[in-house]
There are 2 protein chains.
Amino acid sequence: MSNVRDIAEAIGSPVAFTAKVLQQLARKGLISSMKGAKGGFYIEAKTLRHLNLCTIVNAIDGNGITENCMLGLRECSEKNPCPVHHQYKHIKAGIIKMLNESMVNNLTIDVEKKLSVLKN
Amino acid sequence: MSNVRDIAEAIGSPVAFTAKVLQQLARKGLISSMKGAKGGFYIEAKTLRHLNLCTIVNAIDGNGITENCMLGLRECSEKNPCPVHHQYKHIKAGIIKMLNESMVNNLTIDVEKKLSVLKN
DNA sequence: TATATAAAGGACAAATTCATCCTATTTAAC
DNA sequence: GTTAAATAGGATGAATTTGTCCTTTATATA
């Protein structure tokens with residue numbers, strides 16, 4: 001259980017802004033929260049086990065990454081492609097694969113070992 | 001030689017905004033312009049032969065795509081990586097490769113054949 | 001040379017994203 | 001029960017991106 005101030009400090013992000021993001025995640029059920037003294041945010045063990053970056057990105061930004069055309073066309077598909085549709089679809093697939101395979105519980109390991117950082 | 005109105009129409013973008021983008025490209029030398037009656041924008045044959053999307057993206061948006069950390073850290077490198085640095089670097093390399101290999105003169109071929117579209 | 005046409009560029013306006021502030025609500029502990 | 005600590009959420013403000021408008025400058029052509 002961590003409070004907003006500690007989380008904001010740990011990631012080098014403004015407290016109020018961090019709070020809004022955490023609220024969004026809590027509303028979507030990706031994290032849990034408790035009000036009041038000794039309250040804060042935490043992740044259910046069961047949730048954490050399946051939590052990947054794709055779920056988080058979708059919760060905050062929607063599915064734009066997986067849906068949007070690189071050139072911004074509203075209708076861009078295999079049938080009606082923009083000039084870079086066929087090239088970009090592989091990039092997009094790679095991003096989705098990467099986000100799906102990035103499990104939060106794994107990412108934390110390197111952070112704990114100080115092999116990766118959350119702010120600078 | 002095409003004027004701003006025709007270009008804006010062809011890509012479904014506001015005329016004034018399109019003009020600003022074209023001006024930026026002209027200042028960087030990626031396209032050429034001529035003022036006055038019968039004026040407009042065009043690309044030198046020699047420039048076109050080597051013009052790829054990477055050059056254009058860099059001219060308009062800077063080198064953020066190739067430089068920026070996925071998580072927004074200012075300092076994110078092999079030595080000091082964010083939690084997804086090692087996963088994202090492959091995506092990033094793919095994007096750069098794709099942009100570098102996308103030659104404008106090739107992309108126009110499919111557009112001319114109506115195999116791809118610039119607006120909808 | 002006069003006129004019409006088109007880009008150049010500065011100033012401004014709108015929309016979106018990013019971020020803050022304040023009040024209400026909930027909870028722990030005394 | 002009172003108090004202190006913490007999230008929830010609405011309203012607001014700042015910054016950035018996106019887009020517009022208007023005047024100036026340059027060019028072709030009659």
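Letters A, B, ... mirror the listed sequences (proteins, then strands); counts begin at 1.
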Undergrad: Between Phe41(B) (CZ) and dA26(D) (P), how many Å, whole number?
TA: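 From Phe41(B) CZ to dA26(D) P: 15 Å.
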
Undergrad: Is the CD atom of Gln24(B) crowded by more than 12 outside heavy atoms at less than 6.0 Å?
TA: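 Yes.
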
Undergrad: Of the nucleotides dG19(D), dT27(D), dT7(D), which has the atom closest to the Lys35(A) side chain?
TA: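 From the listed options, dT7(D) comes nearest.
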
Undergrad: With a strict under 4.0 Å distance from non-hydrogen atoms of chain A, what nucleotide opens and what nucleotide closes the contacted stretch of DNA chain C, reading 5' to 3'?
TA: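 Counting from the 5' end, contacts occupy dC18(C) to dA28(C).
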
Undergrad: Pick the nucleotide of DNA chain D nearest each of Met34(B) and Lys20(A); which residue has the one closer to the 5' end?
TA: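 Counting from the 5' end, the first nearest nucleotide belongs to Lys20(A).
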
Undergrad: State, to the nearest 10°, the angle formed by the axis through the first five base pairs of the helix from dT1(C)-dA30(D) to dC30(C)-dG1(D) and the axis through its last five.
TA: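 The end-segment axes of the helix from dT1(C)-dA30(D) to dC30(C)-dG1(D) are tilted 0° relative to each other.
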
Undergrad: Are the charged groups of Glu9(B) and Arg5(B) less than 4.0 angstrom apart, N to O?
TA: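 The answer is no: the pair does not qualify as a salt bridge.
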
Undergrad: With a cut-off of less than 4.0 Å, is there a side-chain N or O of Arg27(A) near OP1 or OP2 of dA8(D)?
TA: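 Looking at the OP1 and OP2 atoms of dA8(D), neither is under 4.0 Å from any side-chain N or O of Arg27(A).
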
Undergrad: Which of these nucleotides, dA6(D), dG9(D), dT20(D), is closest to any side-chain atom of Phe17(B)?
TA: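 Nearest to the side chain of Phe17(B) among the choices is dT20(D).
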
Undergrad: When rounded to the nearest 0.5 angstrom, what distance separates CG in Leu30(B) from CG in Asn52(B)?
TA: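 The distance works out to 9.5 Å.
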
Undergrad: Do you reckon Ile65(A) sits in the same ILVMFWY cluster as Tyr88(B), going by side-chain contacts under 4.5 Å, direct or chained?
TA: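 In one cluster: yes.
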
Undergrad: Please state how far atom CZ in Arg5(A) lies from atom P in dA5(D), giving the value in whole angstrom units.
TA: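 Computing the Arg5(A):CZ to dA5(D):P distance gives 9 Å.
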
